[in-house]
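Single-structure report; data block below.
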Amino acid sequence: MTEFDLIRRYFTRATPGALLGVGDDAALLRASAGSALAVSSDMLVSGTHFPPDAEPFLLGHKTLAVNLSDMAAMGALPRWATLAIALPAADDVWLERFSAGFFSLAQRYGVELVGGATTRGPLNLCVTIIGEVPQGRALLRSGAQPGDEIWVSGYLGDAALALAHLQGRIALSEADLDICAQALHRPQPRVELGLALRGIATSAIDISDGLLADLGHILEASRAGAQIDLVKLPVSLPVAGYFGQPAGMQCVLAGGDDYELCFTAHPARHAEVSDIAAKLKLPLANIGTVVAQQGCSVFDAAGNPLKLERTGYEHFR
Ligand code: ADP
Ligand code: MG
């Protein structure tokens with residue numbers, strides 16, 4: 001199989017939303033009138049972001065999901081993607097399953113694969129995603145204001161707890177592992193939430209490196225601080241079982257890979273945010289408040305501030 005056979009067989013699908021898709025030196029795209037293009041890349045490296053024997057369908061899903069999550073965090077409608085892939089070998093079974101996982105998620109969001117690059121090398125997956133957002137309506141990190149409520153979607157810490165189990169640091173029951181492994185292997189990008197938050201959220205970010213680290217980016221960009229209530233952090237039952245222990249706390253506050261959204265909104269918008277939660281059937285938890293004084297404090301049930309050590313996953317530390 002030549003490189004071009006491989007691209008044709010596994011990565012070429014109809015792209016009615018593009019002027020020109022896979023097959024030439026570049027794709028041709030037309031943005032909708034009045035929209036800005038939101039462009040973002042994310043790379044998954046074998047051995048760093050996933051084990052070399054990762055199940056290929058789930059890997060295809062996750063490769064696109066982490067990029068869709070960035071679109072969600074901007075309030076952008078994802079439209080097109082490119083895929084740069086380095087493969088140790090042209091393995092038909094692997095490619096069949098990887099592309100099936102990738103395209104099943106792409107189809108769900110109407111995202112078209114319009115190009116990419118394919119080469120031999122250690123397994124490495126890089127997607128560039130392109131979305132649209134009406135000019136002036138993107139959700140930035142820089143808009144949080146003192147007094148705003150801080151919200152997170154879904155549950156925090158599931159993915160990190162599953163990873164702790166797989167690395168042998170804790171031992172989960174099979175049922176608990178089933179729940180947590182979903183978050184780790186099959187993250188659900190919150191695209192619908194991001195779109196619903198246009199005009200409501202004052203800032204947003206997706207949680208890929210842990211709540212404290214990612215909320216920290218909002219606070220830094222907004223030149224503000226935060227007060228978080230530990231008891232308000234939304235956790236699944238498996239994570240709740242570990243919540244009293246340092247490992248559990250670490251997963252919730254600093255665990256990466258959840259791909260939930262963290263956002264801020266004026267308290268006058270509280271009911272609208274709750275309505276969005278009901279409409280999307282997605283839990284949204286108000287975990288604290290933006291304050292003027294910089295720095296992030298987390299308070300326990302008795303109102304005492306926690307001593308925070310590690311604030312998240314940072315690649316070069
Ligand atoms: P060039 O050499 O001009 O960069 P290539 O020969 O690498 O182009 O690729 C041929 C076509 O296939 C291009 O349109 C490119 O965008 C597309 N392509 C390459 N790899 C992939 C991939 N993994 N998924 C989707 N499209 C791809
Ligand atoms: Mg070329």
Side-chain angles (χ1 to χ4, degrees), residues 1-32 35-74 76-133 185-189 191 206 208 257 259:
M1 183 166 52
T2 71
E3 174 192 331
F4 302 103
D5 293 335
L6 186 159
I7 295 165
R8 207 173 305 121
R9 191 177 305 170
Y10 297 109
F11 297 115
T12 306
R13 302 265 175 111
T15 55
L19 299 172
L20 185 66
V22 170
D24 212 310
D25 293 305
L28 296 173
L29 310 174
R30 181 164 40 210
S32 307
S35 281
L37 292 177
V39 182
S40 168
S41 298
D42 225 326
M43 188 186 288
L44 297 185
V45 177
S46 177
T48 303
H49 301 98
F50 60 88
D53 62 349
E55 203 289 310
F57 184 95
L58 295 174
L59 194 56
H61 171 98
K62 189 161 178 175
T63 300
L64 183 59
V66 299
N67 282 273
L68 289 173
S69 179
D70 285 319
M71 293 290 103
M74 295 302 287
L77 177 71
R79 297 220 37 207
W80 306 284
T82 64
L83 169 66
I85 179 168
L87 288 169
D91 175 339
D92 276 304
V93 174
W94 192 96
L95 282 161
E96 185 65 55
R97 291 199 55 74
F98 176 86
S99 59
F102 184 97
F103 280 112
S104 76
L105 186 60
Q107 226 165 358
R108 188 178 341 146
Y109 287 106
V111 170
E112 297 178 350
L113 185 65
V114 295
T118 305
T119 179
R120 193 180 290 274
L123 184 56
N124 189 327
L125 307 157
C126 180
V127 167
T128 295
I129 189 130
I130 304 164
E132 295 187 319
V133 58
H185 296 313
R186 213 166 189 165
Q188 298 301 314
V191 174
D206 65 322
S208 54
D257 261 6
Y259 297 101

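Read the numbers this way: they start at 1 and go in the same order the structure lists the ligands and their atoms. Predicted model, so just to flag it, every value in this text is computed and none were measured. Keep in mind that the numbers below use all heavy atoms, side chains included, and drop hydrogens, waters and symmetry copies.
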So, the side chain of Ser69 versus the backbone of Ala65: is there a donor-acceptor pair under 3.5 Å, distance only?
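It does not hold such a pair.
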Determine whether a donor-acceptor pair (N or O, by modelled atom type, separation under 3.5 Å) exists between the side chain of Trp80 and the backbone of Gly17.
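A pair under 3.5 Å: yes.
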Any side-chain heavy atom of Tyr10 within less than 4.5 Å of one from Phe103?
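No; the side chains remain at least 4.5 Å from each other.
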Can you find an N or O of [X] that's nearer than 3.5 Å to an N or O of ligand 1?
X: Gly21; answer: no
X: Gly23; answer: yes
X: Ala117; answer: yes

Identify, by atom number and element, the atoms of ligand 1 in contact range of [X], meaning under 4.0 Å from any of its heavy atoms.
X: Thr118; result: 19 (C), 20 (N), 21 (C), 22 (C), 23 (N)
X: Gly115; result: 16 (O), 24 (N), 25 (C), 26 (N), 27 (C)
X: Asp25; result: 3 (O)
X: Phe4; result: 6 (O)
X: Ile85; result: 23 (N)

Would Tyr10 count as a contact of ligand 1 if the rule is a heavy atom under 4.0 Å away?
no
Applying ring pair (Phe, Tyr, Trp, His ring centres under 6.0 Å), can you list everything that pairs with Phe102, at least two apart in sequence or on another chain?
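Residues passing ring pair (Phe, Tyr, Trp, His ring centres under 6.0 Å) with Phe102: none at all.
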Who gets closest to atom 13 (C) of ligand 1 by heavy atom: Leu113, Leu20, Asp24?
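Residue with the shortest heavy-atom distance to the ligand atom: Asp24.
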Kindly give the heavy-atom pair with the smallest separation between Arg79 and Arg30, and that separation in Å.
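Where Arg79 meets Arg30 most closely, the heavy atoms are NH1-O, 4.2 Å.
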Non-neighbouring partners of Pro52 that pass side-chain contact (heavy atoms from CB on, under 4.5 Å), sequence neighbours left out:
Ser46
Among Leu87, Asp91, Leu125, which one satisfies side chain to side chain contact (heavy atoms under 4.5 Å, CB included) with Phe98?
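That would be Leu125.
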